Amino acid sequence: QVQLVESGGGLVQPGGSLRLSCAASGRFFSINAMGWYRQAPGKERDLVAAITSSGITNYADSVKGRFTVSRDNAKNTVFLQMNSLKPEDTAIYYCNADVRVQWYGEYAGFWGQGTQVAVSS
């Protein structure tokens with residue numbers, strides 16, 4: 001019904017940059033917040049950055065000043081620009097979106113399949 005498809009992960013050296021994209025498709029009424037989470041091996045999935053439909057952003061302290069979240073509401077797409085990457089940024093990055101499927105329904109969270117980001121020399 002609702003699909004989130006991520007792209008843009010890969011292997012990068014420390015100090016490098018990557019840009020992740022996540023596009024929502026399917027049948028739905030509206031999307032509120034969209035964002036990115038990450039999960040490293042043996043750790044919990046944590047919020048990286050999120051953005052509301054009006055453009056209000058929220059970042060994890062560990063990525064402030066290095067990562068930038070943005071979105072294109074017309075294309076139901078959220079982006080994560082990651083600069084000055086560090087080895088500790090290595091994780092699977094998951095896209096998340098709060099979606100109202102029917103106009104009369106409530107918002108529900110949907111997840112993408114994840115994209116691997118590896119930072120290593």
Side-chain angles (χ1 to χ4, degrees):
Q1 201 169 24
V2 178
Q3 288 186 319
L4 301 178
V5 179
E6 300 120 331
S7 60
L11 173 64
V12 64
Q13 292 186 340
S17 298
L18 283 174
R19 187 176 191 241
L20 306 182
S21 300
C22 171
S25 62
R27 295 178 62 86
F28 52 86
F29 181 73
S30 64
I31 300 177
N32 188 9
M34 301 184 78
W36 295 92
Y37 289 70
R38 67 186 180 187
Q39 186 168 20
K43 295 188 176 182
E44 295 184 350
R45 188 177 298 186
D46 294 323
L47 174 69
V48 175
I51 183 168
T52 68
S53 57
S54 59
I56 298 172
T57 58
N58 181 37
Y59 294 93
D61 288 342
S62 60
V63 306
K64 285 181 179 177
R66 300 189 298 123
F67 291 10
T68 302
V69 63
S70 60
R71 65 190 282 175
D72 183 335
N73 288 331
K75 296 182 179 180
N76 297 315
T77 300
V78 63
F79 307 96
L80 185 67
Q81 178 67 44
M82 303 184 293
N83 299 328
S84 303
L85 282 161
K86 305 175 181 179
E88 50 264 43
D89 294 318
T90 296
I92 299 175
Y93 284 68
Y94 295 91
C95 175
N96 176 268
D98 289 333
V99 181
R100 179 181 287 179
V101 177
Q102 303 288 348
W103 67 268
Y104 51 82
E106 297 183 352
Y107 284 99
F110 289 83
W111 293 93
Q113 80 286 356
T115 185
Q116 177 71 54
V117 171
V119 184
S120 175
S121 55

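Every heavy atom of this structure was used, including side-chain atoms; hydrogens, water molecules and symmetry mates were not. What you are looking at is a predicted structure, and each value in this text was computed from that prediction instead of being measured.
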Sequence neighbours excluded, every pair satisfying side chain to side chain donor-acceptor pair (under 3.5 Å) that has a member inside residues 109-121
Glu6-Gln113
Does Trp103 sit in a hydrophobic cluster with other residues, and if so which ones, taking ILVMFWY side chains as linked at heavy-atom separations under 4.5 Å, directly or through other members?
Phe29, Tyr104
If you link ILVMFWY side chains whenever their heavy atoms are less than 4.5 Å apart, which other residues fall into the same cluster as Ile56? By chain and number, please.
none
Where at least one partner belongs to residues 45-64, residue pairs that pass salt bridge (Lys or Arg N to Asp or Glu O under 4.0 Å), sequence neighbours excluded:
Asp61-Lys64
Pairwise salt bridge (Lys or Arg N to Asp or Glu O under 4.0 Å) hits with a residue in residues 95-115, at least two apart:
none
Indicate the atoms forming the closest heavy-atom contact of [X] with [Y], along with that distance.
{"X": "Ala24", "Y": "Ile31", "result": "CB-CD1, 3.7 Å"}
{"X": "Ala40", "Y": "Ala91", "result": "N-CB, 3.8 Å"}
{"X": "Ala49", "Y": "Tyr59", "result": "CB-CD2, 3.5 Å"}

Which pairs would a plain distance check flag for residues 80-88, meaning a side-chain donor or acceptor within less than 3.5 Å of a matching protein atom at least two apart in sequence or in another chain?
unit_1: Gln81; atom_1: NE2; unit_2: Asn83; atom_2: OD1; d: 2.9
unit_1: Asn83; atom_1: OD1; unit_2: Ser17; atom_2: OG; d: 2.9

Any non-hydrogen side-chain atom of Phe110 less than 4.5 Å from a side-chain atom of Val101?
yes
Does anything in residues 19-121 form a disulfide (SG to SG under 2.5 Å)? List the pairs, not counting sequence neighbours.
Cys22-Cys95
List for me each residue that meets salt bridge (Lys or Arg N to Asp or Glu O under 4.0 Å) alongside Arg66, sequence neighbours excluded, and say none if there are none.
Asp89
For Lys43, salt bridge (Lys or Arg N to Asp or Glu O under 4.0 Å) partners two or more places apart:
none
Following the transitive rule for hydrophobic clusters with a side-chain heavy-atom cut-off under 4.5 Å over Ile, Leu, Val, Met, Phe, Trp and Tyr, establish whether [X] and [Y] coincide in one cluster.
{"X": "Tyr93", "Y": "Leu18", "answer": "yes"}
{"X": "Ile92", "Y": "Val117", "answer": "no"}
{"X": "Val69", "Y": "Val99", "answer": "yes"}

Return all side-chain donor-acceptor pairs below 3.5 angstrom for residues 70-79, not counting sequence neighbours, or 'none' if the list is empty.
unit_1: Arg71; atom_1: NE; unit_2: Asn73; atom_2: OD1; d: 2.6
unit_1: Arg71; atom_1: NH1; unit_2: Asn32; atom_2: O; d: 2.7
unit_1: Arg71; atom_1: NH1; unit_2: Ile51; atom_2: O; d: 3.1
unit_1: Arg71; atom_1: NH1; unit_2: Thr52; atom_2: O; d: 3.3
unit_1: Arg71; atom_1: NH2; unit_2: Asn32; atom_2: O; d: 3.1
unit_1: Arg71; atom_1: NH2; unit_2: Asn73; atom_2: OD1; d: 3.3
unit_1: Asp72; atom_1: OD1; unit_2: Ala74; atom_2: N; d: 3.1
unit_1: Asp72; atom_1: OD1; unit_2: Lys75; atom_2: N; d: 3.3
unit_1: Asn73; atom_1: ND2; unit_2: Ser53; atom_2: O; d: 3.1
unit_1: Thr77; atom_1: OG1; unit_2: Lys75; atom_2: O; d: 2.8

By side-chain hydrogen bond (donor to acceptor under 3.5 Å, both in side chains), which residues pair with Ser30, not counting sequence neighbours?
Tyr107
Test side-chain contact (heavy atoms from CB on, under 4.5 Å) applied to Tyr94 and Asn96, step by step:
CA-CA 6 Å; Tyr94 295 91; Asn96 176 268; over 6 Å; no
Side chain to side chain contact (heavy atoms under 4.5 Å, CB included) filter on Val5, not counting sequence neighbours, yields none
Reported OG1-to-CZ distance for the pair Thr57 and Phe67, which is rounded to 0.5 angstrom:
14.5 Å
